[in-house]
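Beneath this line is the structure, given in structure tokens, with notes to follow.
Order of the sequence lines sets the chain letters (A, B, ...), proteins ahead of strands, with each chain counted from 1.
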There are 2 protein chains.
Amino acid sequence: MSRQPDITRACILDAAFAEIHREGFRAASVANILAATGLTKGAFYHHFPSKKALGLAVIDERIAPLLDDWVVRPLDDGPPSSLSALLDLLERGRSADASAINLGCPLNNLMQEMSALDEDFRAHLGAILECWLRKLTALLLRAQVAGEIRADVDCEVCALFIVAAWEGAVSVSKNLQSAAVFHATMAQLRTYVESLRPRR
Amino acid sequence: MSRQPDITRACILDAAFAEIHREGFRAASVANILAATGLTKGAFYHHFPSKKALGLAVIDERIAPLLDDWVVRPLDDGPPSSLSALLDLLERGRSADASAINLGCPLNNLMQEMSALDEDFRAHLGAILECWLRKLTALLLRAQVAGEIRADVDCEVCALFIVAAWEGAVSVSKNLQSAAVFHATMAQLRTYVESLRPRR
DNA sequence: ACACATACCGACCGATCGGTATGTAATTGA
DNA sequence: TCAATTACATACCGATCGGTCGGTATGTGT
């Protein structure tokens with residue numbers, strides 16, 4: 001076990017992400033996180049000045065990349081048709097595993113818990129959310145230019161609605177502890193997106 | 001200040017509801033709640049066997065009635081047209097005040113925090129949610145019989161989607177700290193409901 | 001080889017948590 | 001009127017919280 005500070009730091013971040021995903025930030029215990037890594041307080045406070053700094057680092061270095069993998073990159077190099085790229089994304093979202101339904105979306109969980117309590121958390125989380133919204137709005141605008149959705153659709157508001165409905169689907173299915181509820185809600189979201197197509 | 005046990009109990013419930021709405025259940029401090037009421041531990045543990053029992057009582061005796069006022073009763077004695085009763089409800093939802101956007105929906109907040117952690121909380125919260133869903137499904141079915149929405153619409157899934165989108169709207173606007181975002185999302189939800197009408 | 005910074009350990013701190021035990025004043029039923 | 005019960009107050013408990021601090025290895029530049 002030689003000293004590899006960047007690996008140690010990454011190890012703490014991974015354990016912290018898991019703990020925060022399960023327990024939320026405030027209930028997450030630094031002692032628990034360290035127990036999961038086999039490290040001690042000394043190591044932790046060498047790499048992070050405070051628990052809050054750890055939380056912000058988890059957001060920037062663990063949660064934000066997750067969104068990149070799930071949403072941003074699939075939209076960037078998706079199929080040529082913008083609208084079907086979005087529908088593909090929603091379909092893939094339906095295949096979320098049981099743990100995601102049980103524990104919920106890490107971004108949504110932290111937003112719910114921390115946005116009203118701490119402006120720094122709100123800003124870091126909001127940056128991720130707004131990145132998602134910008135990507136989605138841009139996609140809808142491309143689809144609109146291509147004639148895939150009607151000209152009277154407000155793409156920005158529409159993107160907002162899609163994100164909200166998605167997060168709401170995770171939330172409700174988390175409470176009802178039902179993957180079926182999540183799939184049904186996401187299917188309904190797909191029919192909403194379909195309803196944006198021009199009337200034939 | 002004579003002894004009025006039921007008033008004392010109600011006072012604790014009110015303070016607990018406010019504290020839990022701000023801080024969540026786990027971060028809510030019994031000591032803080034008591035400080036807000038001017039009472040002490042002795043009074044609290046005389047009326048409630050534990051903090052968890054207090055939380056469940058807040059759900060049943062404070063949060064559930066809220067849903068009754070906002071959703072159930074307006075739907076029961078709303079306008080004769082089922083669909084416009086729903087649209088009225090969504091329109092009234094838009095007029096949520098700033099604190100609701102800042103702190104979020106008490107039901108949604110607790111669901112997010114506690115559903116995965118405690119089965120009792122999940123059950124009590126789920127009962128409220130399912131009451132909401134049943135009322136909404138019944139309304140949509142009435143509207144369907146009346147020909148206000150298309151025959152091919154699955155009313156149960158549709159009700160699920162409306163609730164999910166609503167909760168998602170609260171969640172997203174809470175993070176973006178924007179009433180405008182909430183109003184826009186709710187407006188989009190109204191257009192979704194409108195899209196259920198028969199094609200003319 | 002030696003000085004020095006980095007990386008980490010582990011004991012300890014005050015504060016706060018939910019909960020308990022004991023005591024006492026008010027209310028009530030007989 | 002007087003015990004008995006209810007309705008509180010107060011002092012205290014062990015556990016756990018985030019955070020600090022002195023000490024100790026492990027590199028690393030010179």
Side-chain angles (χ1 to χ4, degrees), chain A residues 1-59 61 109-110 113-114 117-121 124, chain B residues 1-59 61 109-110 113-114 117-121 124:
Chain A
M1 229 6 183
S2 64
R3 299 197 172 187
Q4 289 162 311
D6 43 356
I7 290 184
T8 297
R9 186 189 142 92
C11 187
I12 294 177
L13 277 178
D14 289 334
F17 171 75
E19 169 97 353
I20 290 173
H21 193 194
R22 278 195 314 268
E23 306 285 340
F25 174 74
R26 301 222 277 176
S29 155
V30 174
N32 276 356
I33 293 170
L34 293 173
T37 63
L39 296 166
T40 60
K41 287 281 184 75
F44 176 76
Y45 282 98
H46 174 71
H47 287 283
F48 300 95
S50 67
K51 184 191 177 187
K52 172 174 172 175
L54 170 68
L56 297 180
V58 165
I59 293 174
E61 303 176 36
N109 288 1
L110 272 185
E113 182 186 0
M114 299 302 298
L117 298 174
D118 187 291
E119 171 57 24
D120 292 325
F121 272 87
H124 282 247
Chain B
M1 236 349 190
S2 63
R3 296 194 171 189
Q4 290 161 314
D6 44 354
I7 291 184
T8 297
R9 185 189 143 92
C11 187
I12 294 177
L13 277 177
D14 288 336
F17 172 74
E19 168 97 353
I20 291 174
H21 194 194
R22 279 194 314 268
E23 305 285 342
F25 175 74
R26 301 222 278 176
S29 155
V30 173
N32 276 356
I33 294 170
L34 292 173
T37 63
L39 296 166
T40 59
K41 288 281 184 75
F44 176 76
Y45 283 98
H46 174 72
H47 287 283
F48 300 95
S50 68
K51 184 191 176 186
K52 173 173 171 176
L54 170 69
L56 297 180
V58 165
I59 294 174
E61 304 176 35
N109 289 1
L110 272 185
E113 182 187 2
M114 299 303 297
L117 297 175
D118 187 291
E119 170 58 23
D120 292 325
F121 273 86
H124 282 247

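Remark: P of D:dC8 and CG of B:Leu34 are 12 Å apart, rounded to the nearest angstrom. Going from atom CD1 of A:Ile7 over to atom C1' of C:dC8 covers 15 Å, rounded to whole Å. The distance between atom CG of B:Leu39 and atom P of D:dT10, rounded to the nearest whole Å, is 11 Å. For the pair B:Asp6 CG and D:dA7 P, the computed distance is 9 Å after rounding to whole Å. Protein atom CD of A:Gln4 is 10 Å distant from nucleotide atom P of D:dG27, rounded to whole Å.
In terms of phosphate contacts, A:His46 brings a side-chain nitrogen or oxygen within less than 4.0 Å of OP1 or OP2 of C:dA7. When the side-chain nitrogen and oxygen atoms of B:Thr8 are compared with OP1 and OP2 of D:dA7, none of them lie within a distance under 4.0 Å. A:His47 has no side-chain polar atom (N or O) that falls below the 4.0 Å cut-off from OP1 or OP2 of C:dT6.
Between the B:Glu113 side chain and the A:Glu113 main chain, no donor and acceptor come within less than 3.5 Å of each other.
A distance of 10.5 Å separates CD of A:Glu61 from CG of A:Leu56, quoted to the nearest 0.5 Å.
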For residues 36-43 of chain A, please give each side-chain donor-acceptor pair under 3.5 Å, one per line with the distance, not counting sequence neighbours.
{"from": "A:Thr37", "atom 1": "OG1", "to": "A:Leu34", "atom 2": "O", "distance (Å)": "2.8"}
{"from": "A:Thr37", "atom 1": "OG1", "to": "A:Leu39", "atom 2": "N", "distance (Å)": "3.1"}

Check your understanding: Does the pair A:Leu110 and A:Val58 meet the rule for a side-chain contact (heavy atoms from CB on, under 4.5 Å), with working shown?
Key -> CA-CA 11 Å; A:Leu110 272 185; A:Val58 165; 5.5 Å; no
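For the ring pair (Phe, Tyr, Trp, His ring centres under 6.0 Å) condition, the pairs that include at least one residue of residues 23-42 of chain B, sequence neighbours left out, are B:Phe25-B:Phe121.
Here the side chains of B:Glu23 and B:Asn32 are not in contact, with every heavy-atom distance at 4.5 Å or above.
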Study note, to complete from the structure: Reading nucleotides 17-22 of chain C from 5' to 3' and marking B where a protein heavy atom lies under 4.0 Å of the base, S where only the sugar-phosphate is that close, and - otherwise, the string is SBBB--
